[in-house]
Amino acid sequence: MVQFLRLAGARSLCGRPVSSLLPARRAISQQARERVAALSPKVREFVDRTVRMCQPADVHVCDGSAAESASLLRMMTEAGVVEPLPKYDNCWLARTDPADVARVESKTFIVTDERRQTVPTPRQGVKGALGNWMSPADLDSAVAARFPGCMRGRTLYVIPFSMGPVGSPLSKIGIELTDSPYVVASMRVMTRMGTDVLEALGDDDFVKCLHSVGRPLPMKTEPVNGWPCNPEQTIVTHVPARNEIISFGSGYGGNSLLGKKCFALRIGSTIARREGWLAEHMLILGITNPQGEKRYIAAAFPSACGKTNLAMMAPTLPGYKIECVGDDIAWMKFDENGVLRAINPENGFFGVAPGTSSATNPMAMATVTANTIFTNVAKTADGGVFWEGLEREVDASVGVTDWQGRAWTPGCGRPSSHPNSRFCAPAAQCPIIDPQWESAEGVPISAILFGGRRPEGVPLVYEAFSWRHGVLLGAAMRSEATAAAEHKGKVIMNDPFAMRPFFGYNFGHYLEHWLSMSERSSPAHLPKIFHVNWFRKAAGGGFLWPGFGENSRVLDWVLRRVQGEPCAQESAVGYIPTPDALRLEGLAEKVDLEQLFSLPGDFWRREVEALETYFAEQVGADLPTAISEELDALRKRVEKLE
Ligand code: OXD
Ligand code: MN
């Protein structure tokens with residue numbers, strides 16, 4: 001069993017009892033003590049243990065109010081951590097240390113007694129690529145080497161937060177303890193946070209989230225851009241058996257806003273497995289057809305593949321309406337009638353800024369003009385933001401300062417913004433937020449889409465033959481790498497279910513869990529599963545499909561399939577649209593349907609071989625038989641392709 005936070009009582013460091021390293025208790029203000037004393041015994045115990053170990057100068061229990069957030073932002077402005085963006089309403093810019101700009105997958109671990117609980121055993125000589133395991137003993141050492149005294153001179157913030165609407169039976173509560181006011185301000189946007197969460201929690205258990213930037217005061221060296229972090233010591237760990245997350249050294253995104261990837265996906269997937277539901281890296285959108293019929297769709301794409309754009313799409317197909325429930329994460333559970341119900345556990349969008357514009361995503365642009373924290377984007381001299389993609393809508397002649405604080409001019413040879421720069425904006429501000437986005441019982445899901453960036457061979461859309469085949473489509477997802485993590489270049493990577501960086505447990509067991517889900521539903525209610533690819537390229541290099549709002553044409557076909565229209569024909573990979581089924585009227589340019597849906601035999605035989613190798617090397621004995629059988633069936637079908 002992991003003994004996280006046991007240090008203060010029992011251990012010794014460098015031969016000295018830990019108690020001799022503790023700060024004088026009087027360092028914590030009386031007011032803070034009273035607020036901590038008012039917490040539930042379980043929360044208080046978590047705070048007390050952390051205070052003893054991390055030795056902050058003060059403790060602040062967050063109430064989640066606008067006044068609290070304003071005062072933190074004022075304080076960060078004075079400290080040079082953020083600056084206001086006067087062109088907008090209550091918007092802020094943070095610049096990080098360039099060494100702390102993305103999730104750190106190589107330093108992210110799941111802690112279980114047995115390695116196999118976390119990851120399948122890869123074939124001998126092959127490096128496992130489905131997560132990183134750490135033993136409880138190694139976690140204890142990692143904590144002991146990093147946390148004692150790590151918050152000296154800083155304030156420890158207690159953030160009570162709910163993933164999902166407060167009080168929904170599908171929601172879960174966490175407490176994040178952090179020494180970063182940037183994290184507090186961002187968590188207020190990304191989660192429901194504050195006093196009402198503590199009230200809803202009562203004496204119950206919660207997910208324990210501990211975060212430190214790892215730079216006690218006084219700092220030995222000046223932080224870069226005023227952004228304290230400790231990249232050499234960065235580590236992001238999860239302990240499913242104890243519902244705990246422990247993160248050190250990074251102040252950025254998924255490494256520090258612990259409700260998002262760490263809780264909602266990694267710990268979330270382990271809770272979901274225990275409780276019989278699904279925690280997925282999926283957007284949720286509502287779509288209404290010209291007849292006024294509304295359905296909800298969930299879709300999984302790897303990071304930075306346009307999830308936010310699809311979730312807020314402006315459909316070009318007349319009469320269609322899209323409304324957004326969420327752009328990144330879905331928690332889904334079959335109800336007593338076998339209907340899959342989904343909530344977005346988040347409260348905001350932490351979207352990739354570059355590429356977002358009024359042309360690609362006008363709804364996101366409208367969302368980010370108030371109450372938004374931007375990180376690592378460029379700033380214009382008139383107090384606005386700029387990034388790659390805004391060339392036509394922002395007057396760069398007023399002068400631009402890049403994400404590292406240097407003067408920037410168009411064509412100077414370097415990007416103005418970091419490719420993984422972000423906006424962090426309240427979801428409620430999205431002009432097309434779905435009226436049901438906070439529904440306690442969740443919205444009913446009719447279809448699930450899997451997809452990725454596949455320049456070659458993969459058709460625009462195809463439908464799984466069955467739930468089991470659909471699980472293979474998720475397992476077989478591959479995509480070009482993106483800037484959201486530390487990978488370089490444009491290699492095609494396996495990213496099953498877009499969850500490769502986010503599995504909280506053994507991927508083979510995750511597949512079993514997905515396969516078992518069909519037993520909780522009936523053919524009338526089980527969502528249909530599809531694979532989409534907006535990114536196929538012609539031999540000459542251009543995209544074969546215009547994407548963005550035109551993707552409504554694909555969703556139209558998906559909806560018609562959900563409604564049972566016979567507008568599909570069998571192919572080697574799944575059902576594809578019959579020749580005239582895809583509605584193409586009004587498209588600005590003619591689309592080459594033949595190329596878009598072609599199934600080159602060589603490509604697909606290589607694809608199946610690559611998948612067989614991947615599963616054999618990475619999943620081995622943990623691969624469910626049903627998935628090998630589905631892959632076998634696919635191999636037989638593609639053998640016949642020309
Ligand atoms: C994200 C990601 O930040 O998937 O949403 O990386
Ligand atoms: Mn994501």
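Remember, it's 1-based here, ligands and their atoms both numbered in the order they're listed. Positions are given from 1 along the sequence. Atoms considered below: every heavy atom in the structure, side chains included; atoms not considered: hydrogens, waters and symmetry mates.
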Checklist entry - Using the ring of each side chain (for Trp, its six-membered ring), is Phe535 parallel, tilted or perpendicular to Phe543, with breaks at 30° and 60°? => result perpendicular
Checklist entry - What atoms of ligand 1 come closer than 4.0 angstrom to any heavy atom of His281? => result 4 (O)
Item to check | Working for side chain to side chain contact (heavy atoms under 4.5 Å, CB included), residues Lys260 and Met190 | outcome: CA-CA 8 Å; Lys260 194 172 178 63; Met190 294 306 298; 4.0 Å; yes
Checklist entry - For ligand 1, is there an N or O atom under 3.5 Å from any N or O atom of Arg103? => result yes
Next on the checklist: When you measure from the centre of the six-membered ring of Trp437, is the NZ or CZ of Arg192 closer than 6.0 Å and no more than 45° off the axis?
Outcome noted: yes
Checklist entry - Aromatic rings Tyr505 and His513: how do their planes relate, parallel, tilted or perpendicular, breaks at 30° and 60°? => result perpendicular
Checklist entry - Is a side-chain N or O of Gln429 found less than 3.5 angstrom from the main chain of Ala370, in a donor-acceptor match? => result yes
Checklist entry - Does a side-chain N-to-carboxylate-O contact under 4.0 Å join Lys127 and Glu617? => result no
Item to check | For Asp328, atoms of ligand 1 separated by under 4.0 Å from a heavy atom | outcome: 5 (O)
Checklist entry - Between Phe497 and Phe507, what is the ring plane arrangement, given parallel below 30°, perpendicular above 60°, and tilted in between? => result perpendicular
Checklist entry - Around the Mn ion (ligand 2), how many protein N, O or S atoms are there at under 2.8 Å? => result 3
Checklist entry - Does Lys261 reach ligand 1, in the sense of a heavy atom lying below 4.0 Å from it? => result yes
Checklist entry - Polar-atom distance check: Lys260 versus ligand 1, any N or O pair below 3.5 Å? => result no
Item to check | Test: Lys261 cationic atom under 6.0 Å from Phe502 six-membered ring centre, within 45° of axis | outcome: yes
